[in-house]
Visitor: 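What follows is a structure written as structure tokens; I'll ask about it next.
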Amino acid sequence: MNLNQFHDMVSPSPKGSTSMYARVASIPDLDKIFAAPAQRCIDDLECAGWSLGEAEKNFRTRQEVGDIRALVVKGEEVTGLISWQRREVLGSLRVRVYFIGAEDFFTPQVPSTRFGRKYMRTLQSELGNLPMLSMCWLTHPKVDRWYRLMGYRLAETYGRQRNFVLEPQQ
């Protein structure tokens, strides 16, 4: 099974909760999310020194090479985008992860953290079991908890920037 086939599969969710899955992102998916991103995502980008336009260009470039997935809930409602890029950091290969979502991605009805834990491990396995790096500038009090629940650890802090790493599976 190739990476695209896997990501088009529906991920199971507990009885009574909203189902969530990832699929290959399309241009309309990017259009939808970048038309109305969550304010917390815009704030995170700005703190990182990026504009929304620069982030959109990055995601569209990643979409052209197939390294982006749409996160879908309630059948076909796209609520977020996740992208990745392999990069060499201090002599070792890592996967840098990018995310942007709509406001509804962050509602309690969306099982984003539970889904993220399983999905990120599966994606990591499909990408060669490399360390995955997610950088965050958000100051929301639950950010550390969300990353921890998804299996990440806080690796380093530079001022407001926090780098979370999902270590390779043993």
Visitor: Locate the shortest heavy-atom distance separating Phe106 from Ala38; write the atom from each residue and the value.
Guide: CE1-CB, 3.7 Å
Visitor: What I'd like to find out is whether the side chain of Arg148 reaches to under 4.5 Å of the side chain of Leu154, using heavy atoms alone.
Guide: no
Visitor: Would you call Met132 and Phe164 a side-chain contact if the rule is heavy atoms closer than 4.5 Å?
Guide: no
Visitor: Search all heavy atoms of Gly101 against all heavy atoms of Cys41 and return the closest pair with its distance.
Guide: N-SG, 3.4 Å
Visitor: Working to the nearest 0.5 angstrom, can you tell me the gap between Tyr119 OH and Tyr21 OH?
Guide: 12.5 Å
Visitor: Taking the side chain as C-beta and beyond, is there a heavy-atom pair between Leu81 and Leu30 under 4.5 Å?
Guide: yes
Visitor: Does a sphere of radius 6.0 Å around CZ in Arg153 hold more than 12 heavy atoms from other residues, nucleotides or ligands, not counting ones at 6.0 Å or beyond?
Guide: yes
Visitor: Calculate, to the nearest 0.5 Å, the distance between atoms CZ and OG1 belonging to Arg160 and Thr139 respectively.
Guide: 5.0 Å
Visitor: Sub-3.5 Å donor-acceptor pair from the side chain of Lys74 to the main-chain atoms of Ser19, do we have one?
Guide: no
Visitor: Within this structure, what is the CG-CD1 distance for the pair Asp29 and Ile68, rounded to the nearest 0.5 Å?
Guide: 8.5 Å
Visitor: Mind checking the OG-CZ spacing from Ser92 to Arg87? Nearest 0.5 Å is all I need.
Guide: 13.5 Å
Visitor: Are Phe99 and Phe59 close enough that their ring centres sit under 6.0 Å apart?
Guide: no
Visitor: Output the distance between atom CG (Leu127) and atom CZ (Arg94), rounded to the nearest 0.5 Å.
Guide: 15.0 Å
Visitor: Please give me the minimum heavy-atom distance between Ala25 and Ala70, naming the atom from each residue.
Guide: CB-N, 3.7 Å
Visitor: Are the side chains of Arg121 and Met150 in touch, meaning some heavy atoms are under 4.5 Å apart?
Guide: no
Visitor: Is there a side-chain contact between Leu166 and Gln124 (heavy atoms, below 4.5 Å)?
Guide: yes
Visitor: Any Lys/Arg nitrogen of Glu56 or Arg60 sitting under 4.0 Å from an Asp/Glu carboxylate oxygen of the other?
Guide: yes
Visitor: Is there a donor-acceptor contact under 3.5 Å from the side chain of Asp44 to the main chain of Trp137?
Guide: yes
Visitor: Tell me whether Arg86 is salt-bridged to Asp67, with the criterion being a basic N under 4.0 Å from an acidic carboxylate O.
Guide: no
Visitor: Between Gln161 and Asn163, do the side chains contain a donor N or O and an acceptor N or O under 3.5 Å apart?
Guide: yes
Visitor: Does one side chain, of Tyr147 or Ser134, offer a donor that lies under 3.5 Å from an acceptor on the other?
Guide: no
Visitor: Decide whether Glu167 and Tyr152 meet the rule of one side-chain donor and one side-chain acceptor closer than 3.5 Å.
Guide: no
Visitor: Judged by modelled atom types alone, do Glu54 and Asn58 share a side-chain donor-acceptor pair under 3.5 Å?
Guide: no
Visitor: Does any non-hydrogen side-chain atom of Arg114 lie less than 4.5 Å from one of Leu149?
Guide: no
Visitor: Do Ile100 and Tyr98 sit in one hydrophobic cluster, given that two such residues count as connected whenever their side-chain heavy atoms are within less than 4.5 Å of each other, even indirectly?
Guide: yes
Visitor: So, do Val72 and Thr79 sit near enough that their side-chain heavy atoms are less than 4.5 Å apart?
Guide: no
Visitor: Out of Arg62, Gln63, Arg96, Arg69, which residue meets the side-chain contact (heavy atoms from CB on, under 4.5 Å) rule with Ser83?
Guide: Arg62
Visitor: Quick one: closest heavy-atom pair of Ile33 and Val78, and the distance?
Guide: CD1-O, 3.8 Å
Visitor: In this structure, would Val95 and Leu133 fall into the same cluster of hydrophobic residues linked by side-chain contacts under 4.5 Å?
Guide: no
Visitor: Are any non-hydrogen side-chain atoms of Val97 and Ile82 less than 4.5 angstrom apart?
Guide: yes
Visitor: Under a single-linkage definition using a 4.5 Å side-chain heavy-atom cutoff for Ile, Leu, Val, Met, Phe, Trp and Tyr, are Phe105 and Trp146 assigned to the same hydrophobic cluster?
Guide: yes
Visitor: With hydrophobic residues grouped by side-chain heavy-atom distances under 4.5 Å, do Trp84 and Met135 end up in a single group?
Guide: no
Visitor: Roughly how far, to the nearest 0.5 Å, is the CE atom of Met20 from the CD atom of Gln109?
Guide: 12.5 Å
Visitor: Look only at the side chain of Arg162 and the backbone of Val143, and say whether a donor-acceptor pair between them is shorter than 3.5 Å.
Guide: no
